[in-house]
Engineer: 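My questions all concern the structure below.
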Amino acid sequence: MRLSKYLFFTAKEVPADTELISHKLMLKAGLVRPVASGLYAFLPIGYRVLNKIISIVKEEMDRIGAQQLLLPFVQPAELWKKTGRWDEYGQELLRFQDRKGSWFVLSPTHEELITRLAGDILTSYRKLPVVVYQIQIKFRDEPRPRGGVIRSREFWMKDAYSFCQDDEQMGKIYKEMQSAYERIFSRCGLSYKVVEAESGPIGGDVSHEFISLAPNGEDRIVECDSCGYSAKLERARSRVKMESKEREKALEEVNTPDVKTVDEVANFLNIPLAKILKTVVYQTERGLLGVVVRGDHQVNEDKLKKLVKLEELNLAPDELIYENIGVEVGFVGPVGVDNWCLVVDEAVMQGRNFVAGANKKDTHFINVNPGRDFSPEIIGDIRYVLPGDECPVCGASLKVKRGIEIGHLFKLGDRYSSKLGAFFLDQKGKKHPLIMGCYGIGISRLPAAIIEQNNDKDGIIWPREVAPFDCVVIPAGDEVFDFSREVYLNLKDSPIEVVWDDRDVSAGVKFKDSDLVGIPFKVIVGRTFLKEGKIEIKKRGSGEIIKASKKDLTAKLMELIQDGE
RNA sequence: CGGGGCGUGGCGCAGUCUGGUUUAGCGCGCUUGCUUUGGGAGCAAGAGGUCGUCGGUUCAAAUCCGACCGCCCCGACCA
């Protein structure tokens with residue numbers, strides 16, 4: 001490839017409001033270009049990287065016997081109505097009508113389609129298990145696309161689906177898929193974590209996410225260095241520290257004029273946040289819910305929803321609270337209220353002598369004791385884990401880290417197959433729903449995730465397997481231009497992927513551009529060649545220079561590329 | 001859903017508050033020529049803009065007012 005003829009450009013400036021390094025570098029290096037909110041064009045260099053990633057994914061999927069297929073990007077609404085997701089999926093599902101007025105959706109995912117297909121074809125236990133996958137575009141009408149290709153509306157995804165007779169078969173495939181993912185992400189040069197996850201709108205019980213570690217990532221995970229426990233923050237648990245058993249003191253009112261927030265109360269009474277009870281009032285389909293957590297904790301609504309088994313859960317508006325509790329927000333507490341369902345976090349139950357709102361203007365109670373002063377209807381884990389909490393498995397101190405979700409595994413069970421009538425017959429001729437799993441990889445966000453972990457002040461440093469090219473031949477000086485062409489043509493005949501920077505610009509520009517784009521090796525033909533007859537190979541990451549004669553160049557490079565892990 | 005910001009050649013920005021010397025500037029990139037050429041070169045000459053759209057105010061609008069469209073950022077309820 002001659003660079004002078006390649007659709008290639010680099011930019012010195014990118015919009016001032018781009019935050020992420022990967023976003024900046026992808027724009028600067030000319031990998032992608034924004035087209036509209038959450039829509040990106042992949043230019044040739046960027047598309048090469050994407051294809052490298054796709055090849056790795058294909059190889060590893062094929063290795064575990066998954067079969068590639070292609071489903072349509074546009075799906076009829078009917079299927080989505082059958083599974084209920086036409087209503088459940090919300091505004092992220094982009095819907096439109098064809099000329100006849102029939103409704104369709106742009107696929108945000110493909111469970112419905114693949115399940116119906118499987119139901120038509122996989123009618124016998126003899127064919128099971130089967131794993132299929134596809135690599136194609138998805139569309140989710142995100143409320144706020146951000147971070148370049150990390151959260152875009154249109155994106156590439158690898159989605160695989162497994163169909164099994166029973167949970168045991170399913171479990172085996174789930175494990176195989178997990179190790180395939182581990183190989184894929186390692187080959188991409190990523191440092192990642194596997195964590196327990198929530199399944200969200202896809203549904204299902206067991207779910208794991210692969211998180212690429214990145215300080216700016218939008219997902220937060222909890223992990224234990226000591227035993228290896230790790231989970232998404234939303235579902236992470238922690239052990240409740242046993243409080244020293246203080247003696248229960250007598251309940252007392254204190255005057256707290258205009259002291260409303262937990263922070264204000266802590267300051268005003270000069271006590272730690274953990275000694276305050278935070279009472280949050282929710283509105284649900286079955287009336288008001290009083291939710292109590294410690295002042296230093298936050299209510300985890302996902303956990304709360306699961307615990308109380310309610311669908312609708314919204315913070316109650318101020319007026320509604322005033323009407324029902326008779327006090328303004330800020331002085332609400334659990335003591336003496338009976339027209340709500342009281343849900344209390346387990347950590348609260350371990351404590352003694354708390355401060356809480358007294359349900360009276362400008363007044364708090366001190367020495368509030370759970371059990372004595374109020375009786376919860378439901379007790380459970382409804383809080384977010386905090387850094388330093390004790391690991392639920394081994395008790396060591398937990399850490400909270402950030403990252404980017406790059407892969408997700410779900411055990412779906414029969415959620416889709418039952419609703420869509422995807423059944424098979426067992427040995428005895430008995431009908432069962434197919435037991436399903438689904439497994440995604442965010443293909444088009446992977447370049448960004450990789451760049452987040454592999455860059456320096458000069459630009460991108462691609463790991464070997466995903467680099468757009470292995471090397472670039474750089475002529476440094478007019479006298480060597482013709483010879484550099486020879487060098488290029490020689491390399492082109494080898495398996496090495498080479499590009500020749502034949503542009504009429506100074507050598508400095510070529511070096512800078514090569515560094516920015518992240519080509520692993522520069523093959524420099526210049527003054528060293530004129531002086532010593534040697535060609536230089538310069539490594540992108542370390543800057544190390546290896547000299548080779550024209551004769552040895554290809555072999556030397558092949559060797560370096562192989563070692564370049 | 002709430003708050004904030006932005007829209008000026010391909011890209012990044014200034015100019016808008018205080019309307020009129022602005023023929024609408026600057027940097028990057030682009031074209032041509034000469035000199036350069038191992039880490040984003042210099043000089044010279046050029047091309048390229050209905051100042052997001054529509055409407056209003058005014059003798060006069062990139063600048064003031066209104067509506068719309070597009071884009072970006074922050075927050076999403078913790079009492």
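Reckoned from all heavy atoms, side chains included, excluding hydrogens, waters and symmetry mates. Chain naming here is simple, since letters A, B, ... match the order of the sequence lines and numbering starts at 1 in each. Since the model is a prediction, treat every value here as computed from it, not as a measurement.
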Engineer: Does G12(B) have OP1 or OP2 under 4.0 Å away from a side-chain N or O of Lys12(A)?
Structural biologist: no
Engineer: Categorize Asp458(A) for me: base, sugar-phosphate, or nothing, with a 4.0 angstrom heavy-atom threshold over every strand shown.
Structural biologist: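 Asp458(A): no heavy atom of the nucleic acid under 4.0 Å.
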Engineer: Does the Lys NZ or Arg CZ of Lys138(A) fall within the cation-pi geometry relative to Phe155(A) - under 6.0 Å from the ring centre and within 45° of the axis?
Structural biologist: no
Engineer: Take atom P in G49(B) and the same atom in G25(B), then report the distance between them in whole Å.
Structural biologist: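 Comparing P positions in G49(B) and G25(B) gives a spacing of 13 Å.
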Engineer: Base, sugar-phosphate alone, or nothing: which one does Pro475(A) contact when heavy atoms must sit under 4.0 Å apart?
Structural biologist: nothing
Engineer: If you assign each of Lys512(A) and Gln91(A) to its closest nucleotide in RNA chain B, which residue comes earlier from the 5' end?
Structural biologist: Gln91(A)
Engineer: May I have the distance from Asp504(A) (atom CG) to U36(B) (atom C1'), rounded to whole angstrom?
Structural biologist: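 Rounded to the whole Å, the gap is 11 Å.
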Engineer: Rounded to whole Å, please give me the gap between CZ in Arg153(A) and C1' in C71(B).
Structural biologist: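 In whole Å, C71(B) C1' lies 11 Å from Arg153(A) CZ.
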Engineer: Does U36(B) have its OP1 or OP2 closer than 4.0 Å to a side-chain nitrogen or oxygen of Ser506(A)?
Structural biologist: no
Engineer: Shorter than 3.5 Å, N or O on both sides, protein versus nucleotides 76-79 of chain B: list them out with atom names.
Structural biologist:
| unit_1 | atom_1 | unit_2 | atom_2 | d |
| --- | --- | --- | --- | --- |
| C78(B) | O2' | Lys278(A) | NZ | 3.2 |
| C78(B) | N3 | Val299(A) | N | 3.3 |
| C78(B) | N4 | Val299(A) | O | 2.9 |
| A79(B) | O3' | Lys260(A) | O | 2.1 |
| A79(B) | O2' | Gly330(A) | N | 2.7 |
| A79(B) | N7 | Thr279(A) | O | 2.7 |
| A79(B) | N6 | Val281(A) | N | 2.8 |
| A79(B) | N6 | Val281(A) | O | 3.1 |

Engineer: For C6(B), what is the paired nucleotide under Watson-Crick or G-U wobble rules, both distances under 3.5 Å?
Structural biologist: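 Here C6(B) is engaged in a pair, and the nucleotide opposite it is G70(B).
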Engineer: Rounding to an integer number of angstrom, what distance separates C69(B) and C13(B) when you compare their P atoms?
Structural biologist: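 C69(B) and C13(B) have their P atoms separated by 25 Å.
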Engineer: For the residue pair Phe483(A) and Phe529(A), does the interplanar ring angle fall in the parallel (under 30°), tilted (30 to 60°) or perpendicular (over 60°) class?
Structural biologist: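 Parallel.
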Engineer: Drop me the distance from Ile546(A)'s CD1 to Lys539(A)'s NZ, to the nearest 0.5 angstrom.
Structural biologist: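 Rounded to the nearest 0.5 Å, the CD1-NZ separation comes out at 5.5 Å.
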Engineer: How many whole angstroms separate atom NZ of Lys457(A) from atom P of G39(B)?
Structural biologist: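 Rounded to whole Å, this separation is 14 Å.
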Engineer: What's the CD-P distance between Glu218(A) and C73(B), to the nearest Å?
Structural biologist: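 Taking atom P of C73(B) as the reference, CD of Glu218(A) is at 12 Å.
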Engineer: Indicate, with a heavy-atom threshold strictly under 4.0 Å, whether Ala476(A) touches base, sugar-phosphate, or nothing.
Structural biologist: base
Engineer: With no hydrogens and no angle check, just 3.5 Å: does a side-chain donor-acceptor pair link Glu452(A) and Ser22(A)?
Structural biologist: yes
Engineer: Check whether the ring centres of Trp103(A) and Phe96(A) lie less than 6.0 Å apart, and answer yes or no.
Structural biologist: no
Engineer: Sticking with atom C1', work out how far C77(B) lies from G2(B), rounded to a whole angstrom.
Structural biologist: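 Approximately 10 Å lies between the C1' atom of C77(B) and that of G2(B).
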Engineer: Taking atom P in both A24(B) and A61(B), compute the distance separating them and give it to the nearest angstrom.
Structural biologist: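 Their P atoms lie roughly 13 Å apart.
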Engineer: So, does the side chain of Lys538(A) form a donor-acceptor pair with the base of G39(B) at under 3.5 Å?
Structural biologist: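 Indeed, a donor on one side and an acceptor on the other fall under 3.5 Å apart.
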Engineer: When you measure from the side chain of Lys522(A) to the backbone N and O of Cys471(A), does any donor-acceptor pair fall under 3.5 Å?
Structural biologist: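 Checked: no pair found.
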Engineer: Which one is paired to G55(B), where only Watson-Crick or G-U wobble pairs with both distances under 3.5 angstrom count?
Structural biologist: C65(B)
Engineer: When rounded to the nearest Å, what value does the distance between C1' atoms of U58(B) and C28(B) take?
Structural biologist: 38 Å
Engineer: Within the 4.0 Å heavy-atom criterion, would you say Arg33(A) contacts the bases, only the backbone, or no part of the nucleic acid?
Structural biologist: sugar-phosphate
Engineer: Step through it carefully: locate the ring centre of Trp500(A), locate the ring centre of Phe481(A), and say whether they are under 6.0 Å apart.
Structural biologist: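 Aromatic pair counts; centres sit under 6.0 Å.
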Engineer: Side chains of Arg146(A) and Ser152(A): donor-acceptor distance under 3.5 Å anywhere?
Structural biologist: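 No pair is found: no donor N or O on one side chain lies under 3.5 Å from an acceptor on the other.
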Engineer: For Asn216(A) and C73(B), give me the distance from atom CG to atom C1', rounded to whole Å.
Structural biologist: 15 Å
Engineer: On RNA chain B, check which nucleotide each of His23(A) and Val525(A) is closest to and give me the residue with the more 5' one.
Structural biologist: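 Its nearest nucleotide lies further toward 5', so the answer is Val525(A).
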Engineer: Which value, in whole Å, describes the distance between the P atoms of nucleotides G10(B) and C51(B)?
Structural biologist: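 Pairwise P distance, G10(B) against C51(B), rounds to 13 Å.
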Engineer: Using purine N1 to pyrimidine N3 plus N6-O4 or O6-N4 for Watson-Crick, or N1-O2 and O6-N3 for G-U wobble, each under 3.5 Å, what pairs with U37(B)?
Structural biologist: none
Engineer: Does G27(B) have a Watson-Crick or wobble mate here (both distances under 3.5 Å), and if so which one?
Structural biologist: C11(B)
Engineer: Could you give the distance separating A44(B) and G55(B) at their C1' atoms, to the nearest angstrom?
Structural biologist: 47 Å
Engineer: Does any pair with a residue in residues 259-272 of chain A pass side-chain hydrogen bond (donor to acceptor under 3.5 Å, both in side chains), and if so which ones, sequence neighbours excluded?
Structural biologist: Lys260(A)-Glu328(A)
Engineer: Rounded to whole angstroms, how far apart are CD on Glu536(A) and C1' on G39(B)?
Structural biologist: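 Nearest whole value for this atom pair: 13 Å.
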Engineer: Roughly how many Å is it from CD in Glu13(A) to P in G29(B), rounded to a whole number?
Structural biologist: 10 Å
Engineer: Tell which nucleotide pairs with C1(B), taking only Watson-Crick or G-U wobble pairs whose two distances are both under 3.5 angstrom.
Structural biologist: G75(B)
Engineer: For nucleotides G66(B) and U57(B), find the distance between their P atoms and express it as a whole number of Å.
Structural biologist: 15 Å
Engineer: Tell me: CG of Leu3(A) to P of G40(B), nearest whole Å?
Structural biologist: 18 Å
